[in-house]
Enquirer: 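One structure coming up, written as structure tokens, with questions to follow.
When a ligand or atom number is given, it counts from 1 through the structure's own listing order. Sequence positions, counted from 1, serve as the residue numbers for this chain. From a predicted model like this one, the values you see are computed outputs, not experimental measurements.
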Amino acid sequence: MITRFAPSPTGPLHLGHAYSALTVWKVARDLGGTALLRIEDTDSTRVRPAHETAIYEDLAWLGLSWPMPVRRQSEHGGDYDTVLDRLAEAGLIYPCGCTRRQISDAGAVPGADGLVYPGTCRHRDMADAKPGDGVRLNVRKALAACTQPMQYSETGTSYAIPITDDLLINTIGDPILRRKDTCDPAYHLACVHDDALQNITHVVRGMDLRDLTPLHVLLQNVLGYPTPIYYHHSLITDAGGKRLAKIDHSKALAKYRAEGATVQDIKDMIGWRD
Ligand code: GLU
């Protein structure tokens with residue numbers, strides 16, 4: 001059994017991350033497995049070295065440890081390019097230069113992964129890619145290329161995702177696999193590849209990512225990767241019931257620590273029972 005905690009060093013860890021990390025390590029302990037730490041630092045415009053250093057400090061402070069070396073996705077760009085080459089060969093990706101503005105002007109509706117891409121560039125071929133173009137997965141073609149039934153299990157319940165289901169098409173749409181301009185690999189690509197590479201058997205992560213799991217299962221299917229078992233844990237909310245998020249500048253764990261909070265205080269705040 002191998003699981004992982006995979007934070008992005010784009011902001012300080014907050015109470016929600018503490019809950020997530022403690023859950024990952026608890027599941028590993030309960031199942032007699034190993035918890036890995038993976039740094040998902042692919043978004044070169046948002047990652048900061050100081051946030052990565054703080055991740056190591058915060059997790060160690062919480063009493064967690066992990067095997068070394070830690071996989072840092074920014075060091076493995078070539079791996080993700082190779083995966084994209086495979087998808088290009090199979091005709092499952094296309095170049096896209098659309099800006100957010102163009103996408104919303106085309107009438108795109110919000111979905112599980114930002115705006116559902118309206119398909120403006122779907123007719124384009126990788127052979128005609130321009131420098132700085134992003135790359136998108138053609139979900140319809142990927143669904144058609146699936147050789148196995150699309151299925152994954154979550155905490156004992158099996159969810160079958162029928163290939164004819166337009167869930168992916170209507171609620172996620174063709175996702176970005178390589179970002180435009182920076183050409184950074186996108187989360188879905190790097191995450192699915194690394195879960196397979198690191199032999200992750202159990203993906204333990206927050207409910208906020210649950211609606212994206214069918215997309216990850218689709219990518220695993222077309223790439224011939226195994227599908228792990230998923231467990232999406234509940235999210236820590238603030239007093240108003242709103243999910244904690246970096247974007248709202250939720251109070252950093254390091255700040256609580258600097259103010260003299262103990263690990264037990266943090267556990268009490270998130271209702272953690274060992
Ligand atoms: N890097 C992602 C995040 O910080 C987590 C990815 C995952 O656990 O699959 O939200």
Enquirer: Please could you name the atoms of ligand 1 that Arg4 approaches to less than 4.0 Å, counting only its heavy atoms?
Expert: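 Matching atoms, with element in brackets: 7 (C), 8 (O), 9 (O).
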Enquirer: Within the structure, is a non-hydrogen atom of His216 found at a distance of less than 4.0 Å from ligand 1?
Expert: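 No; His216 lies far enough from ligand 1 that no heavy-atom distance drops under 4.0 Å.
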Enquirer: My understanding is that only residues two or more places apart in sequence, or in another chain, count here; which of them pass ring-ring contact (aromatic ring centres under 6.0 Å, His included) with Tyr231?
Expert: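 With sequence neighbours excluded, Tyr231 shows a ring-ring contact (aromatic ring centres under 6.0 Å, His included) to no residue whatsoever.
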Enquirer: Is there at least one pair of N or O atoms, one from Cys191 and one from ligand 1, spaced under 3.5 Å apart?
Expert: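 No.
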Enquirer: Classify the ring geometry between His216 and His188 as parallel (under 30°), tilted (30 to 60°) or perpendicular (over 60°).
Expert: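 Because their plane-to-plane angle is over 60°, the rings of His216 and His188 count as perpendicular.
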Enquirer: Go through ligand 1 atom by atom and flag the ones less than 4.0 Å from a non-hydrogen atom of Arg205.
Expert: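 With Arg205 as reference, the close atoms of ligand 1 come out as 7 (C), 8 (O), 9 (O).
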Enquirer: Determine whether any heavy atom of Phe5 lies closer than 4.0 Å to an atom of ligand 1.
Expert: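 The answer is no: ligand 1 sits nowhere under 4.0 Å from a heavy atom of Phe5.
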Enquirer: Should we say atom NZ of Lys180 is surrounded by more than 12 heavy atoms from elsewhere, each under 6.0 Å from it?
Expert: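 Result for NZ/Lys180: enclosed.
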Enquirer: Can you sort out the partners of Ala145 under side chain to side chain contact (heavy atoms under 4.5 Å, CB included), two or more places apart, ordered by chain and number?
Expert: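 Residues passing side chain to side chain contact (heavy atoms under 4.5 Å, CB included) with Ala145: Leu92, Val222.
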Enquirer: Find all atoms of ligand 1 within a distance of less than 4.0 Å from any non-hydrogen atom belonging to Glu40, and give their numbers and elements.
Expert: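 In order of numbering, the contacting atoms are 1 (N), 2 (C), 5 (C), 6 (C).
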Enquirer: I need the atoms of ligand 1 closer than 4.0 Å to a non-hydrogen atom of Tyr187, numbered in the order shown.
Expert: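 Near Tyr187, the atoms of ligand 1 are 6 (C), 7 (C), 9 (O).
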Enquirer: Which of the numbered atoms in ligand 1 are below 4.0 angstrom from a heavy atom of Leu209?
Expert: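 Listed by number with element: 5 (C), 6 (C), 7 (C).
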Enquirer: Checking side-chain polar atoms at under 3.5 Å, does Thr82 have a donor or acceptor matched by the opposite partner on Asp85?
Expert: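 No, because no side-chain N or O of Thr82 sits under 3.5 Å from a partner of the opposite role on Asp85.
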Enquirer: From the options Val83, Leu84, Asp174, select the one residue that forms a side chain to side chain contact (heavy atoms under 4.5 Å, CB included) with Ile93.
Expert: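 Option passing the side chain to side chain contact (heavy atoms under 4.5 Å, CB included) with Ile93: Leu84.
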